[in-house]
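Single-structure report; data block below.
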Number of protein chains: 2
Amino acid sequence: MSRPPLPSESPPSAPPEQPQRAARIEDVARIAGVSTATVSRALSDPERVSPKARARVMEAVAQVGYLPNQAARSLRSQKSRMVLVVLPDLSNVFFSRILQGIEDVLFEAGYGMIIGNLDGSPEKEARFAAFMATGLVDGAILLNGHLVGQTRDGQGSPAPLSVPLVALCEAIPHAGIPQIEIDNRGAARAATLYLARQGHGRIAYVTGPAGNSLERERFAGYRDGLEQSGLPFDAELVVPGDYTLASGAAAAEALLRLKRRPGAVFCSSDEMAIGLVGGLAAEGIEVPDGMSVVGFDDIEFAAMARPSLTTIHQPRRELGRTGARVLLDLLAGRRAPAHVRLETKLVERLSTRPAGGRSVTGSG
Amino acid sequence: MSRPPLPSESPPSAPPEQPQRAARIEDVARIAGVSTATVSRALSDPERVSPKARARVMEAVAQVGYLPNQAARSLRSQKSRMVLVVLPDLSNVFFSRILQGIEDVLFEAGYGMIIGNLDGSPEKEARFAAFMATGLVDGAILLNGHLVGQTRDGQGSPAPLSVPLVALCEAIPHAGIPQIEIDNRGAARAATLYLARQGHGRIAYVTGPAGNSLERERFAGYRDGLEQSGLPFDAELVVPGDYTLASGAAAAEALLRLKRRPGAVFCSSDEMAIGLVGGLAAEGIEVPDGMSVVGFDDIEFAAMARPSLTTIHQPRRELGRTGARVLLDLLAGRRAPAHVRLETKLVERLSTRPAGGRSVTGSG
DNA sequence: GGTGACGATGTAAACGATTACAAAAATGAG
DNA sequence: CTCATTTTTGTAATCGTTTACATCGTCACC
């Protein structure tokens, strides 16, 4: 096709006022002297193109700084190379390292990560569900323990699980969704056994929120531990909490009100354990001399706390990594394990000591 | 084209095996008896469509559960309604609340959030830069203190800043990018003045990493504070750190080696302050009786620490919110402020006390 | 009743890639 | 050298929207 002749003063070398429109595949094709199909192939699957053409394409790409438009790409290919990560609370330190692990693996595989921070809002939940249904993401990792956007408004069909999902940490009661988790029950048993072996006969337990699936497991583990140690279960020693610092402090008061105080406490979260230590200190009871305390999670701060906290270490980053890997398997159509359990580890620090023994570190 | 006759048992009312293809705008249009243009208008700008048509469209949408395909939408409209947030380290607790603030505002405005975790990797940086250039995101918020993907490989043109940007916390030396930050210098001055007013004559300072733009400001503020209090500056009292717990602990040792010990220390981060407290305790010096300590940031743990930490509170969530708002202004073509400064606040807790006074809380 | 303005609607052309299909070129066997 | 086969390339359809432009009524005003 012939164009109208250009004004004589405009050599094609450097058009001055043009606002730098991003280069398209067509531009690359023209410069390289091939078709757009060849350019596309050279970029996505270099083997399918002759070395000569490939070189010309690469040169043209470099010359114009071509980057394929993502919207066009994902419209046509029906893949977005994006993953949604849904979590209940972005500001909760517990999740940040998991996110990091997820990001590690996703990035490596060329995927991006969209964050869905639920924050207790049903609106958010609905929107994130839409993310999955509109092709915005190829899959999702759920850290929130339940399915997202199960809205069946009006006569609408039961929202189809449009993309592959993976559940991290909390179990989702839905068949066919791989679960990545730790052995909460076994870990809680280990913590309880540890205290029992240190000679503590009355071991209290500060729970997480009722109804939480993790919590049920941990509570079961606590009872396992008691049983295995030949200790009696005493409902009086079970104090309700909700994983927060404040509930740990409240638990301290509750425990001190008991006629027969426990010599040790196992808390279902580090935050509660730290709150408990503070609450005990306010009443003049120092940890570990006055009481031994074990936490759960091994958050960053557990090691910094005073006294540093004996706790159950969860491999958070590795949990994230594994979850991402399993999702990638699903996305690639590979067979994925239905269930992965990661090892926990009891980390001994200074918030526990044998019952009846004397403190090793003389305090002031 | 004629198909082979179906087995008689399959009436067309409910095709059983069809894998539930997502409804397209065309389906909605057909059911509502209007054109696709009208459907599009009814959804994006209901005012432009007659009430009758609107109602029919809405009904059809509900009936088939239509959700517009994002890729198609953003391909055509050249807008993705996504924002990239770039940060140096996702696992750093300092950022999580900022992220939360950003997410708050973005969600409200109908935007999604893609996370770019740099993690010190140039590859990541390049990829995130590509996110901006490929239409994947409409804008970006940078928490990392420098421009992303400034790669000018080969003869490539100087990567055009393709989308609106906002710099949060750290300043980016580049004209035209709005900066959202706190008054680091003023806050550091306030912390120093506070200690001076408590009667401390020798006030040490534990720095952040050299070369950091925040750090320069804070150091200047420390000197301002000394000057304003009529105290001499003593280079011996400036101990290098890098914001980490470990460097705080190391600083403790350094300070204890001095012939004339300071009575108070101002640390450029809470983590260092907490490390310092631990390091001092290891040498038998308790805070605040043996030394007063002030931190910076007011991270979650500052209040939980023992002793709880006097520190400079940064409105992290609000920083995130403001950054997101400014970016939205930019995206909407509204005039955005070039510079926003948020207020900090000195939070008095138990890691400081007047010089020479006696401790109020009797320990042990 | 004619005319202009306005609002509601429809038609069809983008947006920028990927990819099914067909054609052309290269390769190898006989 | 011919023919079958394989590789490489090109053409054009396609993904599912939005939106410029054209069209068609409707209404008010003269």
Side-chain angles (χ1 to χ4, degrees), chain A residues 1 20-58 60-61 64-82 110 130-131 133-136 138 162, chain B residues 19-58 60-61 64-82 110 130-131 133-136 138 162:
Chain A
M1 50 178 96
Q20 182 80 346
R21 286 226 325 127
R24 291 157 314 178
I25 197 170
E26 208 179 311
D27 304 323
V28 175
R30 186 166 10 84
I31 292 174
V34 299
S35 71
T36 61
T38 300
V39 174
S40 176
R41 285 189 280 251
L43 292 176
S44 66
D45 186 7
E47 305 297 305
R48 279 176 49 67
V49 136
S50 71
K52 208 185 306 176
R54 196 188 313 160
R56 288 226 300 280
V57 167
M58 292 315 183
V61 164
V64 299
Y66 170 71
L67 290 169
N69 179 295
Q70 284 306 318
R73 189 194 273 252
S74 70
L75 171 60
R76 174 63 225 235
S77 65
Q78 308 283 38
K79 303 236 155 319
S80 65
R81 308 230 90 187
M82 279 284 154
F131 279 8
T134 56
L136 228 175
D138 294 342
S162 36
Chain B
Q20 181 80 346
R21 284 224 329 127
R24 291 156 313 176
I25 197 170
E26 207 179 315
D27 304 323
V28 176
R30 188 167 8 85
I31 293 174
V34 297
S35 72
T36 60
T38 299
V39 174
S40 175
R41 285 190 280 251
L43 292 175
S44 65
D45 187 5
E47 304 298 305
R48 280 174 48 71
V49 136
S50 72
K52 208 185 307 177
R54 197 188 311 160
R56 287 227 300 281
V57 168
M58 293 313 183
V61 164
V64 299
Y66 171 71
L67 289 170
N69 178 294
Q70 284 306 319
R73 189 193 273 253
S74 70
L75 171 59
R76 174 60 226 234
S77 64
Q78 308 283 40
K79 304 237 156 314
S80 65
R81 309 229 92 187
M82 279 283 153
F131 279 7
T134 57
L136 228 175
D138 293 341
S162 34

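Residue numbers begin at 1 in each chain, while the letters A, B, ... track the order of the sequences.
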Under the side chain to side chain contact (heavy atoms under 4.5 Å, CB included) rule, what do B:R73 and A:T134 come out as? Steps first, then yes or no, please. CA-CA 10 Å; B:R73 189 193 273 253; A:T134 56; over 6 Å; no

Strictly below 4.0 Å: does B:R76 bring a side-chain N or O up to OP1 or OP2 of C:dA14? no

Rounded to whole Å, the CG-P distance (B:N69 to D:dC15) equals 11 Å

Reported CG-to-OG distance for the pair A:L136 and B:S80, which is rounded to 0.5 angstrom: 8.5 Å

Write down the distance between CG (B:L75) and P (D:dT18), rounded to a whole number of angstrom. 11 Å

Length of the CD-P vector between B:Q70 and D:dT18, whole Å: 9 Å

Positions of residues 41-51 of chain B (non-hydrogen atom under 4.0 Å from DNA chain C), listed by number: B:R41, B:V49, B:S50

At under 4.0 Å, does any side-chain N or O of A:Q78 touch on OP1 or OP2 of D:dG16? yes

Taking atom C1' of C:dG16 as reference, at what distance in whole Å does atom CG of B:L136 sit? 14 Å

Is any side-chain nitrogen or oxygen of B:S40 closer than 4.0 Å to OP1 or OP2 of D:dT18? yes

In residues 37-53 of chain A, what donor-acceptor pairs under 3.5 Å come from side-chain atoms, sequence neighbours left out?
unit_1: A:T38; atom_1: OG1; unit_2: A:S35; atom_2: OG; d: 3.3
unit_1: A:S44; atom_1: OG; unit_2: A:S40; atom_2: O; d: 3.1
unit_1: A:S50; atom_1: OG; unit_2: A:A53; atom_2: N; d: 3.3

Taking all non-hydrogen atoms of both residues, which atom of B:V57 and which atom of B:V28 are closest, and how far apart? O-CG1, 4.1 Å

Nearest heavy-atom neighbours spanning A:T36 and A:E26: CG2-CA, 4.0 Å

CE of A:M82 to CE of B:M82: how many Å apart, nearest 0.5 Å? 8.5 Å

Give B:A71 one of three labels, base, sugar-phosphate or nothing, depending on what nucleic acid heavy atoms sit under 4.0 Å from its own. nothing

Correct closest heavy-atom pair for B:L67 and A:A133 would be CD1-CB, 3.6 Å

Residues within residues 25-38 of chain B bordering DNA chain D, heavy-atom distance below 4.0 Å: B:I25, B:A37

Correct closest heavy-atom pair for A:I25 and A:Y66 would be N-CE1, 3.4 Å

Check the phosphate of C:dA17 against A:Y66, side-chain N and O only, distance under 4.0 Å to OP1 or OP2. Yes or no? yes

How long is the line joining CZ of A:R24 and P of C:dT18, in whole Å? 14 Å

